[in-house]
Structure formats: C-alpha cells, structure tokens
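Here's the structure, in structure tokens; my notes come after.
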Amino acid sequence: MNLQRMRLGAAAGALVTLPLMAVMFAASRLLGVTFPPFDVFNWLARVLPGEVITAGIDAIVAVIGAFDLGETSSTAKLIEQGLALVIFLLIGIAAGAAFFGANRPAGANRWLGLRFGLALAVPVLLIFAVSSQTAAAGPVVSAPSIAVAFGTWGMTLGWMYEQLAGAQTVPGRVPPSADASAETKAGPPVESEVINRRQFLVRVGNAAALITVAGTGLGAVLEGVEPTGPASTLSRESMAPVLPDFLPNRDAAVRPAPGTRPEYTPLDEHYRIDISLTVPRIDDTEWVLPINGAVENPLALTLEGLQTRYPSIDQYVTMSCISNPVGGDLIGTTLWTGVSLRQILADAAPVQDAAYLRIRSADGFHETVSLDLINSDERVMLCYAWDNQPLTAEHGYPLRIYIPDRYGMKQPKWIADIQVVTAYEEGYWVQRGWDEVARMRTTSVIDTVASFALLEDGGRLLVPIGGIAHAGARGISRVEVKVDGGEWQETQLREPLSDTTWVIWRYDWPFEEGEHTFSVRAVDGTGAVQDATARGPRPSGATGIDSYRAVLTTPTEQG
Ligand SMILES: Nc1nc2c(c(=O)[nH]1)N[C@H]1C(S)=C(S)[C@@H](COP(=O)(O)O)O[C@H]1N2
Ligand SMILES: [Mo]
C-alpha cells in the first residue's frame, strides 16, 4: 500500500462515486430500477445487531428533538436517507483508496478497473436479491443495471489511475521512477506534475459535478411527476371525507384548550415508522392474501373478496410507536376500516393444535399473533382503509392489522402472507430486543398552556391548559394536573372518539403571574395510576411525567 496513492485514490473514488449515485438515482426514477445506496442501507439495518440500530434510532430522535427539526418520523426518514448516501459515498471512497493503494504504478488500467467494479457489484447484487424494495421494475432490469453501473464506475476509476498514478503519463508529466521504493522516498513532486495532476482532477471534478447535478435534478423532477398513492380497487369517491364535524363526539361538552393537538390526526400528519427507506411497491392487480399452514381450509383472498365477503368494521384508533418518548409525536388517531380477523380465521378453520398466526410483510417485517388473542377480541382486524380512504402506500397499502392495546411494532403493514402455525416465533423487533407483549403504557401530555387565550370568569382570569392522555384499550378514567409544588388537581375529560383512542383533557387554571411548571398524570380505566418513573422507550415503552414550563405575564389593559 502506498499512502500518497491511497489519498489520490480516495479523491478519485469520491469523484467517480458521486456522479454514479446521481445517475443511479435518475435511472431509478426513470426506469424504475433499484437504487443501491438505499438497498445497502436497508440491508445494514436488518443485519446489524438490534442494540446498534436502536442506539442509532435513539440518536436520530434525540437530534431531531434537540434541534427542533420538525415532525419526528418524516425528519428521521430524511436523515436516514442522507445517512444511506453518505455511507455509500464512504464505501466508494474506501474502494478508490484500496484500488489505488494496492496497485503498483504500472499495474492498473481501465480493464483491471472494470473487473474491480464488477467484483464490487457481486455483494450489491446479493443484497438486492435478498432485500430490495426500491425497485419498481423487476430484477430482469435491475440486476443488469447494477452490473453496468458498477462496471462503469470501475472502468472510470481504472482510467483515472492510468492518468494519475499509472505509468502512462499525463502530457508534460515527469514519469515516475521505475524504482517503486524510490517513489515513496521522493521529495516534493516536480511542479509540472502537481499542476497537471491538479488540472486533471479539476477537469474530472467539473465533469463529475455536472453529472451529479444533472442526474440529481433529473431524478428530482421525475420524482415530482411519479404517480403518488396507490391505484386502488376501492374507489375514493365512494367514501365521503371525514370532517371533524362528523366525529361522534362533536357535541361533547368539554372543548379542547386552544393549542391542543387535533383530536383527529390529519392523515398527512400521522407519524410513519417502518424499517425501510422506501415504501414497498405492491401491485394491486396481483395482490392476493394467502392464509394457509395449519388450517383445514386454506384461503386466498383478494382485496375485493375481503371487502365483499366480510362485514366492514369502523374503529377510531390511537396508534403509537413504542419508540415515542413521553410527550413525543409518534402517536396519532384516525378512523380504521377493515374486517374482523376472527371471522376470517373461522373460515380458514385452524387445526386442533394451531396456536399462532405468523404474518409476513412485503418489506421483510414479520410478527406473531396468538389465536387466543384474536378469538377473544373481535376488534382485532385486517384493515384496508384509514380516514375513509384506501390505506396510503406509507401506511401499509393494501392491508395491515390492528391489535388493540399493543404498540405499533406488533402490527404489520403491507401484509403479504399469513401462516397458521403451532409454534411461537419472535417478531422482527422482539428478535432485536424489544418487549414481547408491547402493551401500550399509560401516558399523558401537556400540549398547551394557553396564556394567549385567557378566559374571564366572574372577575377571575383563567388559563386554559390541555393535552392528551392515552392508555391503550384500557381507557382513561382520570387526568390530574399539578402546578409547581401544589396538589394534583382533577381535570375535565372530553368524551373520546372510542374506548381505545386518546382522551383530550382540559384544566382552566386561575391565572398567576410568573414562571410556573405544570405537570400531568393519568389514571387508566382499571384505576392504575401512570408510572411516574422517567424511563426511555427501550425495551417496553417510555414512562414518566410530562411537564411544561411557562412564564405568565399579566395582560395589559386595552383602550
Ligand atoms: N411491514 C411493516 N409493518 C410495520 C412496521 C414496519 O417496519 N414494517 N413498523 C411497525 C411500527 S414500529 C409502527 S410504530 C407502525 C407504524 O405505523 P404507521 O407508519 O402507519 O404510523 O407500523 C408497524 N408496522
Ligand atoms: Mo414503532
């Protein structure tokens, strides 16, 4: 290895890899072929140990929170995509350094580069074969595209080697000594060599920048015109949009304090968490759900069959991610529509010793659900609609499961296959160290201390304070607020959308000037007070008291 050549190789690696990434990005948008940087990242996320992944996710969530980078789940996806690009670039730089460093001055050319590139394509092809979800076009188009991309990359690297480090010289360049050991001991390079090397790098750099900008721009434009949302067998027109006016509790006496989050989460604001950088693409014309294994009557259900053969159920649901910190935004409420899984299961007729469903998803996610749980709770359902529309691609189109009282990690989206089995198998996140049951914790949050919306009541000023409380399917029986070191005071509870959704609470607090700390706690439907121990999400969901600090100043008289 030669350090100086390795440095050159690293620069060459960067200059060749950046435009390669841009061209692959444009090709993925234009032709629907796979985008290897995302495949490599997705694969890493699946094979690295659970602790590493969890530490990574925690760090991302912490950074988003510390710098106030906006809604957690969509920002996290962007950060992860950026990481995927950086990792791929670093691999390209390392490969360039290795290629330059390992070869003798005259030892490498574009043909050796081609072989090097094709060798690197092999692991990428394997990763693509086991895990790609970034390809819309089939493997017949994607696999050759990987070979062509990496072959071109390698040839270009080899060509740069010829120009920069090989025996063939750039015009005007002083040929390196034939004695390889003399080269390392050489003093400062001859000036013309430096200038020409620099000129060469600048020229290649300009070309690389041009290709990178053009490829990225083209890809971005194509991304804009890509059809969004699933084409569906379920007509959107047949379902009226749900306006908050139509919500079952529209006349409830307790109104949310100004600044409380929307009780019914707008669909595009609902958090999204899944294990891939890109949404699995499911061809709805070919999608069929097999339910087989230990059953007497294996089923193969189309989406239409599912919708027409079984009565549909509507349930207002609050879904939360187990990674949601106390007071976080990885929680949302919407209307879920689907069919009771108990009924479908009865049609499949599990055999005597069948005990579990093993659910597999299009992205490689999987989870196990016990038949006892399904048979004891008709609310467990297979869902095809959210907010009166077919599921969006992000939220699991065409089908996902709903299990009351469990965090999202137990509830697969993009269901591809259901097997009835006799033996238990850990689900995707359970295998990675998260709670096996993942029962939703009781939690309560202060969304607002509405000093901008003071009320007058018999000469007294009141500050509306409010937020949410949630305890899975156990319901909320009581929410209490404490101001500074005072007593816990009971708040007013708004009638919830259903017995599994969050509850909006409100407390109109007699105004006192100065800085105050407000805390909240909830009691669930069984009478259990929420766990006040400050604890992070891993492995069983965050606990602790949410508090809110505010400085209140006496409003100035008007007029
Ligand atoms: N197929 C699949 N289903 C999945 C996941 C996933 O990564 N893949 N993530 C789970 C997790 S951790 C959560 S919190 C919920 C999030 O659902 P949402 O993105 O629709 O809000 O989906 C669950 N279902
Ligand atoms: Mo989650």
Side-chain angles (χ1 to χ4, degrees), residues 1-28 33-37 39-40 85-128 142-173 175-178 180 183-184 189 193-194 196-212 214-215:
M1 290 274 170
N2 174 301
L3 211 65
Q4 198 209 342
R5 281 210 306 276
M6 281 180 77
R7 274 210 304 275
L8 265 183
L15 289 181
V16 185
T17 306
L18 272 172
L20 171 83
M21 289 163 64
V23 170
M24 289 190 305
F25 175 60
S28 73
V33 295
T34 191
F35 186 55
D39 286 344
V40 170
L85 299 179
V86 170
I87 289 173
F88 196 83
L89 178 61
L90 288 178
I91 294 173
I93 290 173
F99 183 79
F100 272 51
N103 286 299
R104 310 215 123 220
N109 57 26
R110 63 198 75 176
W111 302 113
L112 188 68
L114 173 65
R115 291 212 294 280
F116 183 58
L118 290 177
L120 284 182
V122 172
V124 177
L125 278 164
L126 287 175
I127 286 172
F128 168 73
S142 278
S145 82
I146 294 175
V148 169
F150 280 76
T152 313
W153 176 89
M155 263 185 104
T156 314
L157 194 70
W159 169 73
M160 287 187 73
Y161 187 94
E162 288 172 12
Q163 303 297 314
L164 288 169
Q168 288 163 19
T169 55
V170 183
R173 185 183 151 190
S177 159
E183 188 191 281
T184 48
E193 180 190 348
V194 172
N196 284 299
R197 213 173 243 182
R198 196 173 289 152
Q199 277 175 347
F200 176 75
L201 280 175
V202 166
R203 249 183 282 142
V204 174
N206 284 340
L210 199 71
I211 297 173
T212 305

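The first residue of the sequence shown is numbered 1, and numbering continues consecutively from there. Atoms considered below: every heavy atom in the structure, side chains included; atoms not considered: hydrogens, waters and symmetry mates.
Residue A26 comes nearest to G215 through the heavy atom pair CB-O, 3.5 Å, listed as atom of the first residue, atom of the second, then distance. Of all heavy-atom pairs between A143 and F128, the closest is N-CE2, 4.4 Å. Counting all heavy atoms, side chain and backbone alike, G158 lies closest to F99 at CA-CE2, 3.9 Å. M155 and R110 get closest at one heavy-atom pair: CG-O, 3.5 Å.
Among residues at least two apart or in separate chains, there is no side chain to side chain donor-acceptor pair (under 3.5 Å) pair with a member in residues 117-126.
When atom types are taken as modelled, the side chain of N206 and the backbone of A209 share no donor-acceptor pair closer than 3.5 angstrom. The closest donor-acceptor contact from the side chain of S142 to the backbone of T34 lies under 3.5 Å.
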Donor-acceptor contacts, no H, no angles, side chain residues 13-25, under 3.5 Å, sequence neighbours left out:
{"residue": "T17", "atom": "OG1", "partner": "G13", "partner atom": "O", "Å": "2.6"}
{"residue": "T17", "atom": "OG1", "partner": "W153", "partner atom": "NE1", "Å": "3.0"}

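Distance check, rounded to the nearest 0.5 Å: CD1 of I127 to CD1 of I146 gives 9.5 Å. Atom CZ in R7 sits 9.5 Å away from atom CG in N2 (nearest 0.5 Å). The line from CD of Q163 to CG of L201 is 10.5 Å long, rounded to the nearest 0.5 Å.
Under the rule for a ring pair (Phe, Tyr, Trp, His ring centres under 6.0 Å), the partners of F100 that lie at least two apart in sequence or sit in another chain are Y161. The side chain to side chain contact (heavy atoms under 4.5 Å, CB included) check on I87 picks up F41, L44, I91, with sequence neighbours excluded.
Between W159 and F200, the ring center distance clears the sub-6.0 Å criterion.
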Working note: L118 + V122, criterion side-chain contact (heavy atoms from CB on, under 4.5 Å); need CA distance, chi angles, decisive distance, verdict. CA-CA 7 Å; L118 290 177; V122 172; over 6 Å; no
